[in-house]
Amino acid sequence: MVLSAQFTIPLLGVETEPATIALVALGFLALRRVFRFLKGSRSAYFPKVYTAFQPFALPGLLFPTTAWTTGLDWHWVRREQTYALNETVNVVPVLSGIPGLWTSNMDIGRQIAAGGHRSSFIKPESASGAFLSWGMNLAASDGAMWRKHRRVVGPAFGIDLYKLVWAQTVQTYREMIGVEGWKDKDTVDIPVIQRITLKLAFILISTCGFGFTSTWATPPKAADGGMPIQEALKLVADTHLISLVVPKWLMHLPIPSVRKTRIARERMAKFMQQQVSERKADVAAAVEGNTRADAFTMLVKANQDESGKYQLDDQEVAGNVFLFMFAGHETTAHSLAGTLGFMAIHEEIQDEIVEQILSVVGPDRDPEFDDYSKLDKVLAIFYEAARMFPAGHALIREAIEDTVLTIPNPVGEEGSKTIPIPKGTQVTVDMVGVQYNPRYFEDPHVYKPSRWYGLPTDSELFTAFSVGPRACIGRRFATVEATCFLALLLRDWKVQPILRNGESKEAWGARVMDAHIVLTLGVKDIPVRLVRRKCT
Ligand code: HEM
Ligand SMILES: *[C@@H]1O[C@H](CO)[C@@H](O)[C@H](O)[C@H]1NC(C)=O
């Protein structure tokens, strides 16, 4: 058969030229666009922010944020302007995508993101896609499916785990000092502090969450060696958004970066299979009630549960392994790196923190788990960094039915208004917006850990882990690890910025302490110098 201009396609019983079909299709797309645009513009309740493309969808996420479009980091870049209009805005894409509400009000955030039995809002699949390709999991699921997943892993998150996290953090800190060769040094320059914090957090989730053997000298590897798992995981996560949209065969092209990504995916998959089958054997061999209780064992047990109610299939186990390995370390590592960046700028705060560490723990002994609740100022420097650089930066939800939102009146006015939200509306809780909202924080642009001093460790006044039943399951895991690590590090070392020629601390802060968003939000590469504290 020869393809030519005469080639025709039967449409509605009439022979039609391809060009006509293309025109009809284009016309249809244009109409749909106009319809969506008008639908978005119609809502009269909130100020509109016009943009070329929808922020977290293709092609919008490929463009940097500029005056005409909203990229992946638009809520960071425009954090000073957007919510001056209203605490909630309607982001209306002109060329591609659907309109959606973005809010910086946590009372609204609670209504849409906290979960609970009667919620009219779910996590749309488009928002969880990043983790779904490995299998359904706790973070991506909703309703009964979510309850099942949370029921399975929930029991792993108890006091025994946190004690283990504390002890493992002390051990890992000691290994780090030894392996990095810092024992006999008085100053150490670290060009990118994230290298340290990512490794720490990865070892912690691997050992405490999964029971994998892992040390500073030998991080987890697949049995056949090759690319370390931490690197594979990072590559897979960083390239995830792209790999969702390109056709499968592209992944087999002989381009070095594509090949590396493919190897990383294969390595992750193999690692998961291997670990799952080893643990299955462990669980089978163990006497009833005498097995480990880490999150991974819980998942494998649920996989083998014959009674069915809380059973997870192989895909779901893999989905959760990938989720926990990733969510359990990038977030914590970014927040820790941010904390150290702020310490480098604020010497006076650092001194105040060290005073508390010395008065609670003293100069020599290892910090103990019982010290955790007394080190509230140490936790506060971590909280305040996570407020200003929230790793979980956007909670995306969609109304599954016609519903309403209760909108608090502006600051200074009592009461609230009720506003109808039609089925299908996307509402995003902007954690950057919330945590820079002057309604909740005086001088939100100032790093001021003292706002958190004395706060009970699980208070919902701190919102970076979200709130309610759907809040972060790893909150205590992260805060216990961070408090212990910071207590050890700051007691031994003074953290200083590595300045460029003639650069002031303030200029360093302005240059370095800026957000970088891939899946999670973190601070750009932070160069710091550790100087041994002589007094201890
Ligand atoms: C500073 C560190 C962390 C921050 C800022 C953070 C933030 C968040 C936020 C905001 C959510 C809610 C997402 C949403 O509702 O759309 C969340 C959920 C979650 N986090 Fe974290 N997280 C951190 C550490 C961890 C750790 C250490 C783990 C695992 C050990 C973890 C595992 C999870 C999981 C599994 C969920 C989903 C929970 C559910 O949907 O039931 N996170 N996290
Ligand atoms: C924001 O919009 C809501 C809904 O229209 C309105 O009730 C509220 O007063 C507005 N807030 C401000 C600060 O303008």
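Atoms within each ligand, like the ligands themselves, are counted from 1 in listed order. In this text, all values refer to a predicted model and were calculated from it rather than measured experimentally.
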Query raised in the report: What do the steps show when you test Asp514 against Lys524 for salt bridge (Lys or Arg N to Asp or Glu O under 4.0 Å), and what is the final call?
Result: CA-CA 6 Å; Asp514 192 12; Lys524 290 177 176 166; 3.0 Å; yes
Report task. Would you confirm whether Gln356, through its side chain, and Lys377, through its main-chain N or O, come within 3.5 Å as a donor-acceptor pair? Result -> yes
Query raised in the report: What is the closest protein heavy atom to atom 5 (O) of ligand 2, and at what distance does it sit?
Result: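 It is Tyr45 O, 2.6 Å.
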Query raised in the report: Is the backbone of Gly97 close enough, under 3.5 Å, to the side chain of Gln54 for a donor and an acceptor to pair up by distance?
Result: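 Such a contact is absent between Gln54 side chain and Gly97 backbone.
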Query - Ion pair Asp294/Arg279, N-O distance below 4.0 Å - result: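 Between Arg279 and Asp294 there is a salt bridge, with a charged N closer than 4.0 Å to a carboxylate O.
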Report task. Could you see which bit of Ile419 sits under 4.0 Å from ligand 2, with heavy atoms only: side chain, backbone, both or neither? Result ->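 It is the side chain that touches ligand 2; the backbone stays farther off.
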**Report entry** Cation-aromatic face contact Arg397/Phe121, 6.0 Å, 45 degrees
**Finding:** no
**Report entry** Amino acids in close contact with ligand 1, where any non-hydrogen atom sits under 4.0 angstrom away
**Finding:**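 Residues within 4.0 Å of ligand 1: Lys123, Leu138, Ala139, Trp146, Arg150, Phe157, Ile205, Leu323, Phe324, Ala327, Gly328, Thr331, Thr332, Ser335, Phe382, Leu395, Arg397, Ala464, Phe465, Ser466, Arg470, Cys472, Ile473, Gly474, Phe477, Ala478.
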Query raised in the report: Centroid-to-centroid, Phe296 to Phe324, below 6.0 Å?
Result: no
**Report entry** Phe326 and Thr520, any side-chain heavy atoms less than 4.5 Å apart
**Finding:**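 Contact flag for Thr520/Phe326 side chains = yes.
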Query raised in the report: By number and element, which atoms of ligand 2 are closer than 4.0 Å to a non-hydrogen atom of Pro410?
Result: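 Listed by number with element, the hits are 9 (O), 11 (N), 12 (C), 13 (C).
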Query raised in the report: Is Arg476 positioned over the aromatic face of Phe157, cation under 6.0 angstrom from the ring centre and no more than 45 degrees off axis?
Result: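 Cation-pi check for Arg476 and Phe157: fails.
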Query raised in the report: Looking at Lys417, which atoms of ligand 2 are within less than 4.0 Å of one of its heavy atoms?
Result: 7 (O)
Query raised in the report: Can you tell me the protein heavy atom closest to atom 11 (N) of ligand 2 and the distance?
Result: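 I find the closest protein heavy atom is Asn86 ND2, 2.8 Å.
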